[in-house]
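Inspection log for the structure reproduced underneath, given as structure tokens.
None of these values were measured; they are calculated from a predicted model.
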Amino acid sequence: MIYFLFGPDTYSSRKKLGEMIAAFQKKVGDGAASGLAKVDCGDGPDEIFSVGRTASLFSKKELVVIEQASALGATGASYIEGQLLRWADDPTLTVIFWEGDAAIKKHPLLVNIRKAASKSQEFPLLSPALLGRWLLREAAGRGLEIHAEEQRVLIRTFGSDLWALSSELEKVRHGWSPREASATATQVWDFTDAFLEHRRRSFLPLARLLGAGFEPVQLLAALGGSLRTLALIWKGLESEKLKALTARLYPFVVRKNIEIARRLGPETLRERFADVVDADAALKIGRLPSPLPLVKLVLRQ
């Protein structure tokens with residue numbers, strides 16, 4: 001039997017994989033009566049050639065987890081394709097293929113794996129609405145209560161990165177409060193918003209952040225993220241696919257940035273990106289002392 005788990009939401013797919021492994025171990029028990037093997041094709045192709053050959057010798061049931069089959073070369077891919085029908089029909093063997101954010105529809109091996117699988121499950125990135133529900137559910141599972149403003153701060157800060165959101169929930173469980181970070185996050189957003197509206201007006205919020213101990217590299221990263229959001233919104237407006245391209249952004253972020261994206265346009269966005277990259281390089285290689293590259297960036301005409 002073959003299962004196929006894939007998609008960019010690797011947090012959820014990893015969780016599902018763990019549940020499937022636990023269910024297999026519970027069903028068949030421990031010891032010589034069962035076998036579990038894991039093959040990461042990203043580490044090299046050699047182990048793939050032993051899949052399905054140990055069950056008949058040493059165990060009644062075998063579960064094999066194959067990760068990143070898309071990383072295999074021609075020889076490994078050809079071997080898997082030649083074994084798919086046999087693995088699918090083998091009552092003693094269960095094979096779970098796991099893939100991250102690979103281009104499933106454009107990869108011949110992954111297309112064939114999906115066809116041969118008894119069950120495939122895709123794990124796309126969650127939309128903002130689903131992220132809110134996920135946060136509430138995960139928080140409840142940890143015995144936590146997350147308020148609406150705290151949700152907004154976490155989602156705007158970490159987006160659909162469930163690994164990061166899960167880590168933040170663990171911090172909350174150990175006493176950290178998103179409310180304490182909310183004011184700080186708002187200060188950063190005030191800085192990035194001012195930079196996008198009129199860069200010289202961002203000097204005062206920048207001075208406050210630097211005085212509060214923020215690292216210039218961290219603030220440049222925030223500017224880069226805001227510019228990427230603007231570029232995505234501009235592309236959505238230009239292509240008339242705004243809803244589809246911004247489905248993973250928080251709705252109020254899209255609404256707030258539509259007019260800014262229209263006003264700045266692609267040329268200005270490219271110039272701002274180039275300026276941010278130049279300031280980042282100047283900081284990291286020590287061309288100018290910190291925080292001078294960032295200060296020069298916001299004071300530039």
Working to the nearest 0.5 Å, report the span between [atom1] of [X] and [atom2] of [Y].
X	Y	atom1	atom2	answer
N257	E259	CG	CD	10.5 Å
E197	I260	CD	CD1	4.0 Å
Q151	L165	CD	CG	10.5 Å
E99	S120	CD	OG	12.0 Å
T92	L63	OG1	CG	11.5 Å
L269	F273	CG	CZ	7.0 Å

Which pair of heavy atoms, one from [X] and one from [Y], lies closest together, and at what distance?
X	Y	answer
S13	L5	O-CD1, 4.0 Å
F123	S12	CD2-CB, 3.6 Å
A77	L72	N-CB, 4.0 Å
A261	I233	CB-CG2, 4.0 Å
D9	P124	CB-O, 3.4 Å
C41	Q68	CB-O, 3.1 Å

Looking at [X], I'd like to know if its [atom1] atom is crowded, meaning that more than 12 non-hydrogen atoms belonging to other residues, nucleotides or ligands lie closer than 6.0 Å.
X	atom1	result
K235	NZ	no
Y11	OH	yes
E240	CD	no
M20	CE	yes
E215	CD	no
R287	CZ	yes

R208 NZ/CZ over F191 ring centroid, <6.0 Å and within 45° of normal: no
Steps toward side-chain contact (heavy atoms from CB on, under 4.5 Å) verdict (L84, V95): CA-CA 10 Å; L84 285 175; V95 179; over 6 Å; no
Donor-acceptor contact below 3.5 Å, side chain T192 vs main chain W189: yes
Main-chain N/O of L242 paired with T246 side-chain donor or acceptor, under 3.5 Å: yes
Check: E168 and V172 side chains under 4.5 Å, non-hydrogen atoms: no
Heavy-atom check, side chain of L162 versus side chain of E138, under 4.5 Å: no
Cluster overlap L196 with L204, hydrophobic side-chain contacts below 4.5 Å: no
Test side-chain contact (heavy atoms from CB on, under 4.5 Å) applied to I113 and I66, step by step: CA-CA 11 Å; I113 290 173; I66 301 176; over 6 Å; no
Between S226 and R272: side-chain donor-acceptor atoms closer than 3.5 Å: no
